[in-house]
> 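Structure provided below as structure tokens; questions to follow.
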Amino acid sequence: MRVAVVGATGLVGSTMLQILEERQFPVTELIPVASERSVGTKVKFMGKEYEVVNAETAISMKPAVAIFSAGGSISLELAPKFAAIGCYVIDNSSAWRMDPTKKLIVPEVNGNVLTKEDLIIANPNCSTIQMVMVLKPLYDHYGIKRVVVSTYQSVTGTGQKAVKELMDQRAGGEGMGVYPHRIDMNVLPHIDVFQDNGYTKEEMKMVLETNKIMGDDSIKVTATTVRVPVMGGHSESVNIELNKDFDENDVREYLSNMPGVVVVDNPKSNAYPMPLDAAGRDEVFVGRIRRDYSQPNTLNCWIVADNLRKGAATNAVQIAKYLHNQGWI
């Protein structure tokens with residue numbers, strides 16, 4: 001099976017290569033794709049070196065699946081060209097997420113909605129993925145009325161330049177450029193661009209994508225997304241109003257039984273999810289599960305996941321694995 005990774009030299013792209021290898025995805029030939037300035041460089045995969053090529057060359061090689069992490073404008077331009085040759089495209093950008101003709105997939109939550117005809121498949125936003133992994137079992141058992149989420153998002157979500165900016169500032173430098181304000185020793189309540197309604201694009205992604213993935217527009221979602229000087233993963237404080245009452249122990253049991261979710265919730269021993277512990281892991285971790293006593297049928301929880309893995313690369317590879325298991329690739 002020929003597998004193309006578009007954006008193979010970037011932070012998420014290199015993580016995709018790592019996860020394809022870790023999960024022993026049946027790649028017979030890797031096709032790493034990047035911009036013209038990277039063409040001719042080499043990437044390592046499964047003990048071999050592969051030369052980076054441009055998109056036109058990749059399409060001529062007729063891959064069975066192409067996993068994109070190269071930005072929205074590139075996805076809009078290139079995804080249809082790959083799909084035109086019968087190649088499945090799994091796109092990590094926001095380009096196709098809200099297109100009503102494209103599926104937005106977290107395999108454990110709604111993989112069953114995919115069909116053989118879905119050649120362009122959207123990978124959700126990192127913060128949305130980890131949240132819906134926790135929402136799904138609660139929705140199935142109780143129904144969900146409203147979600148209030150505040151995020152604490154790693155600089156890795158912005159890319160390699162942001163990581164360098166943070167580390168340069170931490171070493172005493174004053175380098176700026178990626179963020180509008182200093183990120184080290186600071187917190188920025190600003191991810192992506194502000195919209196006319198006062199929310200950022202990242203916040204609206206969480207609202208709209210949650211409804212689409214859950215298949216229920218009646219779920220009310222409001223978000224505040226925040227960049228913090230952390231590497232390792234994104235964290236979220238989530239307040240969930242259910243349609244009926246619950247027992248906290250039942251909630252923990254339902255979450256523990258959700259594939260890909262790990263409950264870490266023992267306050268007496270200071271056990272709760274943290275980005276340092278989630279780094280390099282594919283699971284979504286949830287803890288600080290407790291009743292909200294300010295109103296009925298409502299609980300609070302704390303969700304953490306590695307945004308480069310389950311929040312991006314792992315989820316994309318899981319979609320590819322789903323396609324393979326169906327016999328479509």
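Just the heavy atoms: all of them, side chains too, but no hydrogens, waters or symmetry mates, feed the values below.
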> Are Phe194 and Ile191 grouped together when hydrophobic residues (ILVMFWY) are joined by side-chain heavy atoms under 4.5 angstrom apart?
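Cluster IDs for Phe194 and Ile191 differ.
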> Test of understanding: clusters of I, L, V, M, F, W, Y form through side-chain heavy atoms closer than 4.5 Å, transitively. Do Met206 and Ile213 belong to the same one?
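The answer is yes; both residues are in one hydrophobic cluster.
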> If you count heavy atoms of other groups shown closer than 6.0 angstrom to CG of Leu276, is the number above 12?
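Not more than 12 within 6.0 Å, no.
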> Could you pull out all residues at least two apart from Asp245 that satisfy side-chain contact (heavy atoms from CB on, under 4.5 Å)?
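Residues passing side-chain contact (heavy atoms from CB on, under 4.5 Å) with Asp245: Arg291, Asn297.
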> Can you confirm whether Tyr139 sits close enough to Ile219 that some side-chain heavy atom of one is under 4.5 Å from a side-chain heavy atom of the other?
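Yes; the side chains approach each other to less than 4.5 Å.
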> With no hydrogens and no angle check, is any side-chain donor or acceptor of Glu49 less than 3.5 Å from a backbone partner on Val43?
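It does not hold such a pair.
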> Using modelled atom types only, decide if a donor and an acceptor are shared between the side chain of Asp118 and the backbone of Leu114 within a distance under 3.5 Å.
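No: the side chain of Asp118 does not pair with the backbone of Leu114.
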> Under a 3.5 Å threshold, yes or no: a donor from one side chain and an acceptor from the other, between Thr298 and Gln295?
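Checked: Thr298/Gln295 side chains pair up, N/O donor to acceptor below 3.5 Å.
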> Can we call the ring centroids of Phe68 and Trp96 under 6.0 Å apart?
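No: the rings miss the under 6.0 Å criterion.
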> Are the side chain of His190 and the backbone of Asp192 linked by a donor-acceptor contact shorter than 3.5 Å?
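Here the side-chain-to-backbone pair exists.
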> Let me see the working for Thr222 and Val207 under side-chain contact (heavy atoms from CB on, under 4.5 Å), right down to the final yes or no.
CA-CA 6 Å; Thr222 187; Val207 174; 5.7 Å; no
> Show the numbers, then the answer: is there a salt bridge (Lys or Arg N to Asp or Glu O under 4.0 Å) between Arg227 and Glu202?
CA-CA 11 Å; Arg227 189 72 66 192; Glu202 182 84 356; 5.8 Å; no
> So, for Cys87 and Ala66, which heavy atoms are closest and what is the spacing to 0.1 Å?
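Closest approach of Cys87 to Ala66, heavy atoms only: SG-N, 3.5 Å.
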> Which of these, Lys220, Arg146, Lys145, sits in a salt bridge (Lys or Arg N to Asp or Glu O under 4.0 Å) with Glu241?
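By the salt bridge (Lys or Arg N to Asp or Glu O under 4.0 Å) criterion, Glu241 pairs with just one of Lys220, Arg146, Lys145: Lys145.
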> Over all heavy atoms of both residues, which pair between Pro107 and Gln318 is shortest? Give the atoms and the distance, please.
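Closest approach of Pro107 to Gln318, heavy atoms only: CG-CB, 3.8 Å.
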> Check Ala55 against Phe82 and note the closest heavy-atom contact, atom names and distance.
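Closest heavy-atom pair between Ala55 and Phe82: O-CZ, 4.2 Å.
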> Locate the shortest heavy-atom distance separating Pro63 from Ala58; write the atom from each residue and the value.
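Answer, listing the atom of Pro63 first, then Ala58: CD-O, 3.2 Å.
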> Apply side-chain contact (heavy atoms from CB on, under 4.5 Å) to residues Glu165 and Tyr179 and explain how you reach the verdict.
CA-CA 9 Å; Glu165 184 166 300; Tyr179 299 117; 3.7 Å; yes
> Give a yes or no on whether Leu138 and Met133 share a hydrophobic cluster (residues Ile, Leu, Val, Met, Phe, Trp, Tyr; joining criterion: side-chain heavy atoms under 4.5 Å apart).
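Hydrophobic grouping puts Leu138 with Met133.
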> Can you see which heavy atom on Tyr50 is nearest to which on Leu30, and at what distance?
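That would be CD2-O, 3.3 Å.
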> Examine distances only and state if a side-chain atom of Ser256 and a backbone atom of Arg252 form a donor-acceptor pair shorter than 3.5 Å.
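It does hold such a pair.
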> Lys310 and Glu108: salt bridge (Lys or Arg N to Asp or Glu O under 4.0 Å), yes or no, with the steps?
CA-CA 11 Å; Lys310 182 54 181 173; Glu108 300 94 331; 2.8 Å; yes
> Is there a continuous path of hydrophobic side-chain contacts, each under 4.5 Å between heavy atoms, that joins Ile31 to Ile74?
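Yes.
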> Any side-chain to backbone donor/acceptor pair from Glu203 onto Thr200? Under 3.5 Å, distance only.
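Yes; judged by distance alone, with no hydrogens or angles, the pair exists.
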> How about Gln169 and Met176: do any of their side-chain heavy atoms sit closer than 4.5 Å?
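Of all side-chain heavy-atom pairs linking Met176 with Gln169, at least one is under 4.5 Å.
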> Do NZ/NE/NH1/NH2 and the carboxylate oxygens of Arg288 and Asp265 come within less than 4.0 Å?
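Salt bridge absent between Arg288 and Asp265.
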> Determine whether a donor-acceptor pair (N or O, by modelled atom type, separation under 3.5 Å) exists between the side chain of Thr151 and the backbone of Gln153.
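No; zero donor-acceptor contacts below 3.5 Å.
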> Would you check, one step at a time, whether the test salt bridge (Lys or Arg N to Asp or Glu O under 4.0 Å) holds for Arg97 with Asp91?
CA-CA 9 Å; Arg97 290 176 187 162; Asp91 180 47; over 6 Å; no
> Do any N or O atoms from the side chain of Ser14 and from the backbone of Gly10 form a donor-acceptor pair under 3.5 angstrom?
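Present.
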> Grouping I, L, V, M, F, W and Y whenever their side-chain heavy atoms are under 4.5 Å apart, do Phe25 and Tyr322 come out in a common cluster?
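Yes, Phe25 connects to Tyr322 through the hydrophobic network.
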> Could you tell me if the side chain of Cys301 sits less than 4.5 Å from the side chain of Ile240, heavy atoms only?
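Answer yes - side chains close enough.
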> Which ILVMFWY residues can you reach from Met274 by hopping between side chains whose heavy atoms are under 4.5 Å apart?
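Once heavy-atom contacts under 4.5 Å are chained together, Met274 belongs with Tyr272.
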> Parallel, tilted or perpendicular: which fits the ring planes of Tyr142 and Phe246, with parallel below 30° and perpendicular above 60°?
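It falls in the perpendicular class, over 60°.
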> If I compare all heavy atoms of Asn92 with all of Ser69, which pair ends up nearest, and what's the gap?
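That closest heavy-atom pairing would be ND2-OG, 3.9 Å.
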> Hey, what's the ring geometry for His141 with Tyr254, parallel, tilted or perpendicular (30° and 60° as the breaks)?
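Parallel, since the angle between the ring planes stays under 30°.
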> Using the rule given for side-chain contact (heavy atoms from CB on, under 4.5 Å), can you reason through Ile105 versus Asn110, listing the C-alpha separation, both sets of side-chain angles and the distance that settles it, and then say yes or no?
CA-CA 6 Å; Ile105 300 296; Asn110 67 335; 3.8 Å; yes
> For Ser127, is there any backbone N or O sitting under 3.5 Å from a side-chain donor or acceptor partner on His234?
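Looks like no, no N/O pair under 3.5 Å.
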> Within the supplied structure, the quantity of interest is the number of heavy atoms (other residues, nucleotides, ligands) at a distance under 6.0 Å from Gln24 CD; does it exceed 12?
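Open: at most 12 neighbouring heavy atoms sit under 6.0 Å from CD of Gln24.
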> Let me confirm one number: the OG1-CD1 distance from Thr314 to Ile319, rounded to the nearest 0.5 Å.
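Going from OG1 on Thr314 over to CD1 on Ile319, the span is 11.0 Å.
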> Would you compute the distance between atom CZ of Arg290 and atom CG of Asn300 and round it to the nearest 0.5 angstrom?
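One gets 4.5 Å once the value is rounded to the nearest 0.5 Å.
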> Could you give me the CA-CA distance, side-chain angles and deciding distance for Met231 and Val163, then say whether side-chain contact (heavy atoms from CB on, under 4.5 Å) is met?
CA-CA 8 Å; Met231 289 187 287; Val163 173; 3.4 Å; yes
> Does Asn186 reach the main-chain N or O of Arg182 with its side chain, forming a donor-acceptor pair under 3.5 Å?
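Yes; at least one donor-acceptor contact below 3.5 Å.
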> Between the main-chain N or O of Pro124 and the side-chain N or O of Thr128, is there a donor-acceptor pair closer than 3.5 Å?
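Not a single qualifying donor-acceptor pair exists.
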